[in-house]
Amino acid sequence: MNRQEAAEQYSRALRLGQKNYKDCVLHGRYPYPQVLDEILDDAMVAGRVDMGVIEIPTEQVTGTKTAGRRSAFAANFMPLLEPDSEFAFKWKELCAAHLGDEGIRDPIRCYEYLGRFYVQEGNKRASVLKSYHAPTIPGYVIRVIPSWSDDPAVQAYYDFMRSYQMTKLYRVYFSRVGSFAKLQAALGYEPDHVWTEDERLRFISGFTFFTEAFKKLGGESLPVTAADALLVWLRVYPFEQLKTTPAAELVKTLNAVWADVKVLSQTEPISVSTETQEQKGEEEPAQGLWGRLVKAVFPDRLNVAFINEHSPEESDWVRAHDLGRQYMEAVMGDKVTAQVRSCVQPEAAVEAMEEVIGEGAQVIFATTPPLIDACRKIAAKYPNVRVLNCSASMPYASVRTYYSRIYEGKFITGAIAGAMSRDGQIGYVASNPIFGVPASINAFTLGARLTNPRARVRLCWSCVEEDPMGALVREGVDLISNRDIPTPDRVQEPWGLCQLRADGTMAPLASPYWHWGNFYVKIVRSIFSGSWDAISSRDDDRAVNYWWGMSSRAIDVLLSPDLPSGVVQLVNILRKGVAEESILPFQQPIRSQDGTVRSDGEKWFSPQEIMRMDWLCEGVDGAIPAYEELLPMSRALVRLQGVYRDQIQPEKEGPLL
């Protein structure tokens with residue numbers, strides 16, 4: 001009976017092999033198993049490690065050690081030789097043994113390189129077990145360690161070798177460095193926690209269900225691993241849910257975050273939108289059929305909700321957004337209904353968002369970065385609700401983020417500082433080492449050197465010392481760039497660029513400020529016009545980050561009436577040039593503090609390069625503080641938005657980005 005079943009199994013496997021072979025040829029792929037000896041030479045090898053006999057994930061057996069018998073198998077390790085061949089006879093004998101009482105017990109011998117296994121002895125055993133979809137194959141393994149290089153695959157593999165010491169699992173394989181540390185945190189483990197046998201079994205059980213869901217959604221066609229996708233899923237759902245959720249429902253939950261999984265496969269996962277749809281001539285929908293469809297699909301009214309972590313009375317940041325909300329209501333009239341929830345802490349944000357959705361909210365603006373986790377959970381649960389979070393460089397297609405190019409205003413106030421400085425010594429108080437802040441410091445310095453080539457900018461950080469302004473004054477600095485003014489009506493306070501008076505008080509001279517009202521109006525109009533959805537289709541499922549500047553009137557510079565008229569004229573020239581993009585702060589020769597040429601004057605920095613700057617230019621005296629130097633109150637924000645956030649060890653209780 002076993003022999004008959006074995007013959008039938010060979011026929012099924014042969015058909016699968018022939019189909020795979022034809023598909024590979026048709027699509028220009030290599031149709032046989034890869035041969036390790038042909039892709040590896042000694043210069044690529046740092047060493048070899050005897051791993052002994054381990055359970056090998058069957059799907060990771062992808063090739064052979066040598067070229068012998070290569071043409072007997074298709075790339076999927078299914079047979080290609082006719083049923084009456086000697087090869088087929090031996091294959092069927094092994095199949096019959098597998099179906100018998102003892103099964104296939106002898107381990108194969110193979111080499112492992114970059115997480116894939118290449119069989120030296122036991123190709124037919126591997127083929128038989130693969131044909132039955134056995135999850136693992138016992139194998140005697142020699143690990144081939146690649147020489148260290150800048151290749152992301154090699155760096156990810158070194159990260160895997162460290163994780164293997166704790167998990168003893170080959171199935172936990174990530175394509176990005178640092179991902180395992182995030183998995184440890186997501187599972188509630190300390191960074192160096194070594195998994196127990198029970199923990200391994202618990203993980204394998206849940207991960208097996210997840211992998212099946214990953215495959216059903218076409219994950220195998222993406223250049224990401226199931227473990228990569230699991231980490232995305234775990235940012236929204238708890239691990240325990242894997243074993244209690246029916247298979248069909250698990251597929252639905254993964255599909256809810258699938259856009260964020262697909263983002264991982266993008267070389268540039270974030271599309272930075274630097275101008276409004278009006279600037280691109282896309283504000284009005286196309287005429288004809290498309291125009292009629294848009295009018296039929298999109299509502300004439302919108303219910304918009306604002307979720308604030310603090311109250312406008314206690315937070316200048318929230319107050320600026322709330323004024324923006326009021327401006328939007330005034331401009332849009334009865335076309336928009338606005339809801340507001342303030343003093344919403346991150347742990348309560350999901351409940352607050354569900355409450356406003358229950359009251360009809362179709363758009364949600366969450367005005368601070370710590371609310372991003374709640375935004376992602378709501379976006380997964382309510383895909384028809386448009387969710388935005390005020391933050392920068394977040395790789396999530398399901399949640400759009402928004403910020404402003406405040407560095408453009410800093411460039412102008414830097415030019416004012418250079419023009420008005422007596423000795424060229426200018427102070428600068430930076431907030432936190434987060435995305436966009438180094439760019440603002442650099443732009444300010446370049447502006448100061450535009451009007452005063454000898455200017456030096458002395459840098460202090462409010463996230464490191466309690467009184468940075470006082471520290472600069474004590475050092476004899478009388479012209480200081482402080483925090484940006486949150487709203488134009490706060491001009492009398494020491495915001496923005498200030499000058500020390502004889503009586504020891506600070507006189508405000510100029511400050512960039514955020515005009516959130518213009519942003520909110522333009523986003524709401526884009527939803528009415530249909531251009532919101534045009535961005536999604538144009539950017540191929542990438543995450544969308546709005547990063548508007550002076551050209552979009554999302555920011556501007558407020559001037560003191562006491563500024564000299566010549567300086568005001570200079571500001572007007574610079575403001576017009578920056579808004580029209582005839583003046584670009586970073587298109588000039590630039591060196592960093594260590595003398596490295598960052599631009600020869602012809603280079604165009606991409607929006608991502610500017611946003612993610614983690615270096616300071618010549619003329620800046622000071623440095624970007626390390627995470628350990630930060631005051632406790634600043635660390636949570638830097639974990640979310642820090643320029644070096646990928647190097648910070650994840651916390652069990654914190655968000656996993």
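Between C460 and L472, the closest side-chain pair of non-hydrogen atoms falls below 4.5 Å. The shortest distance between side-chain heavy atoms of L631 and V464 does not fall below 4.5 Å. The closest side-chain heavy-atom distance from M353 to C375 is below 4.5 Å. N308 has its side chain out of reach of T368: every pair of non-hydrogen atoms, C-beta onward, lies at least 4.5 Å apart. Taking the side chain as every heavy atom from C-beta outward, M613 and V643 never approach each other to under 4.5 Å. Two residues are said to be in side-chain contact when any heavy atoms from C-beta on lie closer than 4.5 Å; L302 and V524 meet this criterion. For the pair C343/E314, a side-chain contact is recorded, criterion being any heavy-atom separation below 4.5 Å from C-beta on. By the 4.5 Å heavy-atom criterion applied to side chains, M506 and M469 are counted as neighbours.
Taking the salt bridge (charged side-chain N to carboxylate O under 4.0 Å, His left out) definition, one finds that K335 meets it with nothing, sequence neighbours left out. Every residue two or more places apart in sequence or in another chain that forms a side chain to side chain donor-acceptor pair (under 3.5 Å) with D594 is listed here: S592, T596. Scanning for ring pair (Phe, Tyr, Trp, His ring centres under 6.0 Å) contacts around Y403 gives W514, with sequence neighbours left out. The ring pair (Phe, Tyr, Trp, His ring centres under 6.0 Å) test applied to Y428 returns F444, not counting sequence neighbours.
Cation-pi check for R405 over W548 is not met; the charged atom does not lie both under 6.0 angstrom from the ring centroid and within 45 degrees of its normal. The side-chain tip of K522 does not point at the ring of F519 from less than 6.0 angstrom away and within 45° of straight on.
In terms of modelled atom types and a separation under 3.5 Å, the side chain of S560 and the main chain of D562 share a donor-acceptor contact. Under the 3.5 Å distance criterion, the side-chain polar atoms of R449 are matched with a main-chain donor or acceptor of A455. With hydrogens and angles disregarded, a donor-acceptor distance shorter than 3.5 Å links the side chain of T451 to the backbone of A415. Here the side chain of Q593 pairs a donor or acceptor atom with the backbone of V620 at under 3.5 angstrom. Side-chain atoms of R483 do not come within 3.5 Å of backbone N or O of W495 as any donor-acceptor pair. Proximity of a side-chain donor or acceptor of R456 to a complementary backbone N or O of G427 within less than 3.5 Å is not detected. Panel note: side chain S315, backbone P312; no donor-acceptor pair is recorded below 3.5 Å. Side chain of N432 to main chain of I434: no donor-acceptor pair is present (N/O by atom type, distance under 3.5 Å, no hydrogens or angles). Judged by distance alone, with hydrogens and angles left aside, the side-chain atoms of S404 form no donor-acceptor pair with the main-chain N or O of I406 at under 3.5 Å. At least one donor-acceptor pair under 3.5 Å links the side chain of R575 to the backbone N or O of V557.
Heavy atoms only, all atoms of each residue included: A392 and F435 are closest at O-CD1, 3.6 Å. The nearest pair of heavy atoms linking A623 to L459 is O-CD2, 4.0 Å. Across G601 and Q587, no two heavy atoms sit closer than the pair O-CG, 3.6 Å. In terms of heavy atoms, H310 sits closest to V318 at O-CG1, 3.5 Å. For the pair P369 and N389, the tightest heavy-atom approach, listed with the atom from each and the gap, is CA-OD1, 3.7 Å. The minimum heavy-atom distance linking V363 with V385 is given by the pair N-CG1, 4.4 Å.
One finds the CD1 atom of I372 at 10.5 Å from the CZ atom of R235 (value rounded to the nearest 0.5 Å). With values rounded to the nearest 0.5 angstrom, I610 atom CD1 is found 9.5 Å from T274 atom OG1. Atom CG of L574 is separated from atom CD1 of I583 by 5.0 Å, given to the nearest 0.5 angstrom. One finds the CG atom of L450 at 12.5 Å from the OG1 atom of T445 (value rounded to the nearest 0.5 Å). To the nearest 0.5 Å, the span separating CD1 on I416 from CD on Q499 amounts to 11.5 Å. One finds the OG atom of S421 at 6.0 Å from the CG atom of L479 (value rounded to the nearest 0.5 Å).
The side chain to side chain contact (heavy atoms under 4.5 Å, CB included) test with R400 is passed by exactly one of L388, I523, N545: L388.
Using a 4.0 Å cut-off between charged side-chain N and carboxylate O, E309 and R341 make no salt bridge. With salt bridges taken as basic N to acidic carboxylate O contacts below 4.0 Å, one links D322 and R325. A salt bridge links E354 to K381: at least one charged side-chain nitrogen sits closer than 4.0 Å to a carboxylate oxygen. Salt-bridge check for R458 with D621: failed, with every basic side-chain N at 4.0 Å or more from each acidic carboxylate O. For D646 and R176, the salt-bridge test fails: no basic side-chain N is under 4.0 Å from an acidic carboxylate O.
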R525 and V331: CA distance, side-chain angles, deciding distance, side-chain contact (heavy atoms from CB on, under 4.5 Å) verdict: CA-CA 11 Å; R525 284 177 174 167; V331 171; 3.6 Å; yes
Chi angles and distances behind the side-chain contact (heavy atoms from CB on, under 4.5 Å) call for S393, Q641: CA-CA 8 Å; S393 200; Q641 296 278 264; 5.6 Å; no
Audit row: N303, Q339, side-chain hydrogen bond (donor to acceptor under 3.5 Å, both in side chains) steps and yes/no: CA-CA 8 Å; N303 188 316; Q339 303 182 55; 2.9 Å; yes
Evaluation steps, side-chain contact (heavy atoms from CB on, under 4.5 Å), between L446 and Q588: CA-CA 9 Å; L446 294 171; Q588 58 177 293; 3.8 Å; yes
Criterion side-chain contact (heavy atoms from CB on, under 4.5 Å) on Y546 and T401, from CA distance to verdict: CA-CA 6 Å; Y546 296 104; T401 56; over 6 Å; no
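Judged as a ring pair (Phe, Tyr, Trp, His ring centres under 6.0 Å), the pairs with a partner in residues 550-596 (not counting sequence neighbours) are, in order, Y407-F586. Evaluation of the side chain to side chain donor-acceptor pair (under 3.5 Å) test over residues 461-473, restricted to residues two or more places apart or in two chains, returns none.
Donor-acceptor pairing under 3.5 Å is recorded for the side chains of D260 and S398.
Below 30°, between 30° and 60°, or above 60°: for H321 and Y402 the angle between ring planes is above 60°, a perpendicular geometry. Taking the six-membered ring where tryptophan is involved, the planes of Y520 and F306 are perpendicular, since the angle between them exceeds 60° and thus also 30°.
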